[in-house]
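Please read the structure below before turning to the comments.
Worth saying up front: this structure is predicted, and the values here are computed from it rather than measured.
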Amino acid sequence: MDAESTESLVEVWRRILAPSGTSWVLFEHGTCVVLKEPGDDLAGQASGILGEFGPVNVGSPAGDFNVLTLKDDLGWLVTSHHPDVVTHVAPDEPVDPSHLAVGIHGRTKRHRDGTELRVVHVEDRRATGD
């Protein structure tokens with residue numbers, strides 16, 4: 001992922017997650033791990049979660065997903081069997097915009113992120129104590 005597309009994806013996730021005030025970690029193919037109870041090493045914590053819950057095993061809960069359509073032409077969110085692991089699919093990505101095709105595309109991206117584990121952004125929303 002190039003810097004421009006990474007920055008665009010970071011901005012999409014900021015719009016989605018800003019109201020929650022939670023910390024999150026973004027991976028190369030668009031999967032985000034939301035950290036409701038962040039530890040000291042956000043990237044390491046998110047990588048551990050995604051390494052366990054990102055890879056897809058069809059026919060198991062790891063193959064399950066739901067598709068949520070975002071407002072303002074931001075695309076879709078594809079959920080997983082872990083409530084804090086979600087993948088973004090941009091409007092221009094899938095050839096077929098049906099929920100099934102979008103879901104499979106997002107699930108494939110989650111699998112890649114769950115096996116490659118390349119962090120591209122960490123959003124630390126913890127209070128600094130200042």
H105/W76 under ring-ring contact (aromatic ring centres under 6.0 Å, His included): CA gap, chis, key distance, verdict: CA-CA 11 Å; H105 183 75; W76 301 269; 9.2 Å; no
Criterion salt bridge (charged side-chain N to carboxylate O under 4.0 Å, His left out) on K36 and D84, from CA distance to verdict: CA-CA 8 Å; K36 294 177 182 163; D84 300 324; 3.0 Å; yes
Working for side-chain contact (heavy atoms from CB on, under 4.5 Å), residues I49 and H82: CA-CA 9 Å; I49 292 168; H82 189 289; 3.9 Å; yes
Full working for salt bridge (charged side-chain N to carboxylate O under 4.0 Å, His left out) between R15 and D72: CA-CA 11 Å; R15 287 179 67 182; D72 302 324; 3.2 Å; yes
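Distance alone, capped at 3.5 Å, places no donor-acceptor pair between the E123 side chain and the S23 backbone. The main-chain N or O of F27 is never found under 3.5 Å from a side-chain atom of T31 such that the two would form a donor-acceptor pair. Without hydrogens or angle criteria, N57 side chain to S60 main chain gives no donor-acceptor distance under 3.5 Å. The main-chain N or O of V56 is found under 3.5 Å from a side-chain atom of H111 such that the two form a donor-acceptor pair. Judged purely by atom type and a 3.5 angstrom limit, T22 has no side-chain atom pairing as donor or acceptor with the backbone of L35.
Side-chain contact check for L26 versus V119: every heavy-atom pair is 4.5 Å or farther apart. Side-chain contact between L77 and T87 is absent, with no heavy-atom pair separated by less than 4.5 Å. Two residues are said to be in side-chain contact when any heavy atoms from C-beta on lie closer than 4.5 Å; T69 and H99 meet this criterion.
Connection of F53 to L42 is established within a shared hydrophobic cluster, with ILVMFWY side chains joined at heavy-atom distances below 4.5 Å, either directly or through further cluster members. V120 and V34 fall within a single hydrophobic cluster, where Ile, Leu, Val, Met, Phe, Trp and Tyr side chains are chained together by heavy-atom contacts under 4.5 Å. By the criterion of side-chain heavy atoms lying less than 4.5 angstrom apart, applied directly or through intervening Ile, Leu, Val, Met, Phe, Trp or Tyr residues, L70 is grouped together with L68 in one hydrophobic cluster. Following chains of ILVMFWY side-chain contacts shorter than 4.5 Å, one cannot reach F65 starting from L50, and the two form parts of different hydrophobic clusters. Tracing side-chain contacts under 4.5 Å through hydrophobic residues (I, L, V, M, F, W, Y), one reaches L100 starting from V78; they form part of the same cluster.
Taking CZ from R112 and CZ from R107, the interatomic distance works out to 15.0 Å, rounded to the nearest 0.5 Å. A distance of 6.5 Å separates CG in L74 from CD1 in I16, rounded to the nearest 0.5 Å. Here the CZ-OG distance, from R110 to S80, works out to 4.5 Å after rounding to the nearest 0.5 Å.
Of all heavy-atom pairs between G51 and L117, the closest is N-CD2, 3.7 Å. Across all non-hydrogen atoms, the minimal contact from Q45 to E37 is NE2-O, 3.0 Å. The two residues P91 and P94 have their closest heavy-atom pair at O-CD, 4.0 Å. Of all non-hydrogen atoms in G30 and L9, the two that sit nearest each other are CA-CD2, 3.5 Å. Heavy atoms only, all atoms of each residue included: V89 and G106 are closest at CG2-CA, 3.7 Å.
Counted within 6.0 Å of CG on D96, heavy atoms from surrounding residues, nucleotides or ligands total more than 12; the atom is thus considered enclosed.
Counting only N and O atoms by type, the side chains of H29 and E116 include a donor and acceptor under 3.5 Å apart.
Under the 30°/60° scheme for interplanar angles, the aromatic rings of H121 and W24 are found to be tilted.
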